[in-house]
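Working notes, structure below.
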Amino acid sequence: MVNVAQDFLGLDVDLSDEDRLLRDTVRAFVETRVLPDIARNFEEAKFDLGLVKEMAGLGLFGMHLEGYGCAGAGPMAYGIVCRELEAGDSGLRSFLSVQGSLSMTAIRMFGSEEHCEEFLPAMAAGEKLGCFGLTEPDAGSDPASMRATARQSGGDWLLNGTKLWITNGSIADIAVIWAMTEDGVRGFLVPTDSAGFEARDIARKASMRASITSELTLSDVRVPEGMRLPGAAGLRAPLSCLSEARFGIVFGATGAARACLTAALEYANDRKQFAKPISSFQLTQEKLVNMLTLLTNSSLIATQLAKLKARGDLSPAQVSYGKRHNVGAALEIARTARSIMGANGISFDYPPARHMANLESVYTYEGTHEIHTLILGQAITGESAFS
Ligand code: TGC
Ligand code: FAD
């Protein structure tokens, strides 16, 4: 019965043989290599770097990009990978998003031929890691107000500023840094061993504990003109990368939600109170059915967005619709799963509390729930409520 709930409308039946194989391979990787240690890693605030080479071996980094050692996979395949990784832990999917959808995508979309040749094959192989520095202490939802600057000095650029909440910041080899110039926002590829570049990990996180989040400071970091992303002009460039990553989250959230529903169903069938399984109580059944409905609707949305993306018809507002709905639904599912498990629900021996804590970050990053509400409000009314 538990398995029926995981894909109630049988959406995976329509997967190609190749996508089904990919699903099973990544699911097995998560079950054997991630799940046995994830609760301990979360408690100890440790990201397992050993997983990076294995994910690279599976061809996951930049898998949706064409050429330069990348697989050129379709949106459904990429979505399935995000879903299966996030069923393990949102931090693992975050790692993939930042490496592939943000850092490698920025290079592929806006870099020169030399940038693509130098960085993409090494990043696809997991030999070089990337991070994406857009957010700042005083510029989160409103990146247009960023304070980081890049000013020309001889033939070089001098970068100054602070980037905050940067996933993989301290383990990255190359940082994609967005900074304000006299001509607006520009993107730079900054080797993290550059003089004046520092990365410091953010400790005491209640969420995404099995993922690295850092503060980057840049003090007169000298970057040659050849390391500026030549195709990136204005905020449109980083926001285009965000659209790619947000698409992955639309699927990823269904993985975390599925893991929570599965755990709650198993628990409810096993746990007896008043001499009956708690799954036999009407109130518990209503909770489970509401979770099933949210998860199934989220999966339908993800599948439709993948179809639109494959046809080249997916708009940023449609991505916002999926991110907003699916992350909100996953968070509700995780909280409900936690409640079904009673006191055991707060233990990391079961996955819902960890997913619930992680999903609070997912609700906030890549555009907060409120920002996506306003993007959708603007899309249907024509009126901007941002400022
Ligand atoms: P606005 O005037 O609306 O737009 C500026 C230019 O960008 C274009 N654009 C987009 N292009 C592609 N994709 C999108 N999603 C786009 N959104 C906007 C737009 O057409 C315009 O182009 P042009 O040519 O006319 O200049 O900009 P705004 O300053 O009014 O801001 C709009 C707003 C609030 C929606 C935007 O700033 C926003 O999305 N804010 C949220 C910031 C955010 O999401 N940050 C995420 C940081 S990275 C991260 O969180 C990684 S988490 C780790 C993980 O992924 O796992
Ligand atoms: P704020 O923008 O200060 O928002 C605070 C609250 O105000 C929110 O509820 C928001 O919705 C609300 N609000 C803001 N503006 C409006 C408005 N106009 N109308 C209504 N409500 C509004 N960033 C990167 O660049 N790279 C990364 O790799 C990265 N990784 C991250 C990893 C984690 C674990 C986390 C938690 C964050 C990460 N971020 C990253 C940062 C993330 O993108 C920002 O946290 C997010 O964009 C929100 O910015 P903020 O935290 O400054 O919140």
Side-chain angles (χ1 to χ4, degrees), residues 45 47 82 85-86 89-103 105-106 109-110 129-146 148 161-172 175-180 184-185 187 199 201-202 205-216 232-250 252-253 256 314-324 327 357-379 384-387:
F47 174 70
C82 290
L85 290 180
E86 197 147 357
D89 193 82
S90 298
L92 201 60
R93 195 270 311 138
S94 248
F95 185 93
L96 180 89
S97 296
V98 169
Q99 177 79 352
S101 292
L102 294 177
S103 309
T105 296
M109 275 183 169
F110 305 112
L129 303 183
C131 68
F132 186 89
L134 181 63
T135 304
E136 300 183 357
D138 296 320
S141 296
D142 180 20
S145 66
M146 71 173 65
T162 304
K163 296 289 174 183
L164 196 58
W165 299 108
I166 306 305
T167 303
N168 298 344
S170 66
I171 52 169
V176 178
I177 297 292
W178 301 97
M180 194 62 80
V185 173
D201 284 343
I202 298 172
K205 287 183 299 181
S207 169
M208 289 287 182
R209 291 181 58 77
S211 165
I212 292 168
T213 324
S214 317
E215 176 183 35
L216 311 180
L235 204 56
R236 172 182 277 274
L239 292 180
S240 303
C241 302
L242 294 185
S243 276
E244 291 297 315
R246 289 168 180 172
F247 171 79
I249 291 173
V250 172
L314 184 62
S315 72
Q318 287 168 329
V319 177
S320 288
Y321 179 89
K323 199 271 183 184
R324 179 179 180 278
V327 178
N358 283 338
L359 287 164
E360 292 291 350
S361 285
V362 185
Y363 193 79
T364 285
Y365 70 33
E366 293 282 3
T368 66
H369 194 76
E370 294 78 10
I371 288 298
H372 289 296
T373 304
L374 299 183
I375 292 172
L376 290 167
Q378 184 174 12
S384 167
F386 289 113
S387 48

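Computed from a predicted structure; not experimentally measured. Remember, it's 1-based here, ligands and their atoms both numbered in the order they're listed. For the single chain, residues carry numbers from 1 onward in sequence order.
Of the candidates Glu244, Met208, Glu366, Arg246, Arg246 brings a heavy atom nearest to atom 39 (O) of ligand 1. When the heavy atoms of His372, Met208, Glu370 are ranked by distance to atom 9 (O) of ligand 2, first place goes to Glu370. When the heavy-atom distances from atom 34 (C) of ligand 2 to Cys241, Ala139, Ser361 are ranked, the shortest goes to Ser361.
In this structure, the side chain of Thr213 does not engage the main chain of Trp165 through any donor-acceptor pair within 3.5 Å. With hydrogens and angles disregarded, no donor-acceptor distance shorter than 3.5 Å links the side chain of Lys323 to the backbone of His372. Proximity of a side-chain donor or acceptor of Gln99 to a complementary backbone N or O of Gly130 within less than 3.5 Å is detected. Side-chain N or O atoms of Lys163 include none that pairs as donor or acceptor with a backbone N or O of Phe132 at under 3.5 Å. The backbone N or O of Leu359 lies less than 3.5 Å from no partner atom in the side chain of Ser207, so there is not a single donor-acceptor pair. The backbone N or O of Met208 lies less than 3.5 Å from a partner atom in the side chain of Asn358, making a donor-acceptor pair.
Side-chain contact annotation: Arg246 with Ser320, donor-acceptor N/O pair under 3.5 Å absent. Side chains of Ser90 and Glu86: a donor on one and an acceptor on the other come within 3.5 Å.
Here the straight-line distance linking atom OG of Ser384 with atom CD1 of Ile375 works out to 10.0 Å at 0.5 Å rounding. A distance of 10.0 Å separates CD1 in Ile166 from CG in Leu102, rounded to the nearest 0.5 Å.
Polar contact check, Gly367 against ligand 1: a nitrogen or oxygen pair lies under 3.5 Å apart. The shortest N/O to N/O separation between Tyr365 and ligand 1 falls below 3.5 Å.
The protein non-hydrogen atom at the shortest distance from atom 33 (C) of ligand 2 is Tyr365 CD2, 3.5 Å. Closest protein heavy atom to atom 36 (C) of ligand 1: Leu239 CD2, 4.0 Å. Atom 49 (O) of ligand 2 has its closest protein heavy atom at Gly140 CA, 3.3 Å. Ranking protein heavy atoms by distance to atom 15 (N) of ligand 1, first place goes to Ser243 OG, 2.9 Å. In this structure, atom 37 (O) of ligand 1 lies nearest to the protein heavy atom Pro143 CD, 3.3 Å. Atom 17 (C) of ligand 2 has its closest protein heavy atom at Leu374 CD1, 3.9 Å. For atom 2 (O) of ligand 2, the closest heavy atom belonging to the protein is Ser141 OG, 2.7 Å. For atom 30 (O) of ligand 1, the closest non-hydrogen atom of the protein is Phe386 CD1, 4.7 Å. For atom 19 (C) of ligand 1, the nearest non-hydrogen atom of the protein is Arg236 NH2, 4.3 Å. Regarding atom 40 (N) of ligand 1, its nearest protein heavy-atom neighbour is Ser141 O, 2.9 Å. At the top of the distance list for atom 16 (C) of ligand 2, counting protein heavy atoms only, stands Ile371 CD1, 4.2 Å. In this structure, atom 24 (C) of ligand 2 lies nearest to the protein heavy atom Thr135 OG1, 3.3 Å.
In Thr167, the parts holding a heavy atom less than 4.0 Å from any atom of ligand 2 are both the side chain and the backbone. At a heavy-atom cutoff of 4.0 Å, ligand 1 is contacted by no atom of Leu374, backbone or side chain. In Leu242, the part holding a heavy atom less than 4.0 Å from any atom of ligand 1 is the side chain. Contacts between Thr364 and ligand 2, counted as non-hydrogen atom pairs separated by less than 4.0 Å, involve both the backbone and the side chain. Looking at Trp165 against ligand 2, both its backbone and its side chain come within 4.0 Å, counting heavy atoms. By the criterion of a heavy-atom distance under 4.0 Å, both the backbone and the side chain of Ser94 are placed next to ligand 1. Using a 4.0 Å cut-off between heavy atoms, Thr135 contacts ligand 1 through its side chain alone, with no backbone atom that close. With a 4.0 Å cut-off on non-hydrogen atoms, Ile375 touches ligand 1 through its side chain and not its backbone.
At least one protein heavy atom sits closer than 4.0 Å to atom 43 (C) of ligand 1. Counting protein heavy atoms under 4.0 angstrom from atom 42 (C) of ligand 2 gives one or more. Put simply, atom 5 (C) of ligand 2 has no protein non-hydrogen atoms near it, under 4.0 Å away. In this structure, atom 50 (O) of ligand 1 has a protein heavy-atom contact shorter than 4.0 Å. At a distance under 4.0 Å, a protein heavy atom can be found next to atom 27 (C) of ligand 2. Under the 4.0 Å distance rule, the nearest protein heavy atom to atom 12 (C) of ligand 2 falls outside the cut-off. At a distance under 4.0 Å, a protein heavy atom can be found next to atom 13 (N) of ligand 1. Note that atom 26 (O) of ligand 1 has no protein non-hydrogen atoms nearby, at separations under 4.0 angstrom.
Atoms of ligand 2 found under 4.0 Å from any heavy atom of Thr368, numbered from 1 in the order shown, are 10 (C), 11 (O), 48 (C). In summary, the atoms of ligand 1 found under 4.0 Å from a heavy atom of Ser97, numbered by their order in the structure, are 55 (O), 56 (O). Of all the atoms in ligand 1, the ones that sit under 4.0 Å from a non-hydrogen atom of Leu235 are 29 (O). When each atom of ligand 1 is checked for a heavy atom of Ala144 under 4.0 Å away, the hits are 29 (O). Interface of Phe132 with ligand 2, defined as ligand atoms under 4.0 Å from a residue heavy atom, comprises 24 (C), 25 (O), 26 (N), 27 (C), 28 (O). Using a 4.0 Å cut-off to heavy atoms of Thr167, the atoms of ligand 1 that qualify are 53 (C). If you number the atoms of ligand 2 from 1 as listed, the ones under 4.0 Å from a heavy atom of Ile166 come out as 24 (C), 25 (O), 26 (N), 27 (C), 28 (O). Close contacts between ligand 1 and Arg93 involve ligand atoms 56 (O) [criterion: under 4.0 Å to a heavy atom]. Residue Leu134 approaches ligand 2 through these ligand atoms, each under 4.0 Å from one of its heavy atoms: 25 (O). Near Phe386, the atoms of ligand 2 lying under 4.0 angstrom from a non-hydrogen atom of the residue are 18 (N). Less than 4.0 angstrom separates some heavy atom of Gly140 from each of these atoms of ligand 1: 42 (C).
Annotation for Ile202 and Glu215: closest pair CG1-N, 4.2 Å, computed over non-hydrogen atoms. Of all non-hydrogen atoms in Asn168 and Ser214, the two that sit nearest each other are C-OG, 4.5 Å.
The shortest separation from a heavy atom of Ser361 to ligand 1 is not under 4.0 Å, leaving the residue out of contact. Residue contacts with ligand 1 include Ser240, since one or more of its heavy atoms lies under 4.0 Å from the ligand.
The local environment of CZ in Phe110 is crowded, with over 12 non-hydrogen atoms from other residues, nucleotides or ligands closer than 6.0 Å.
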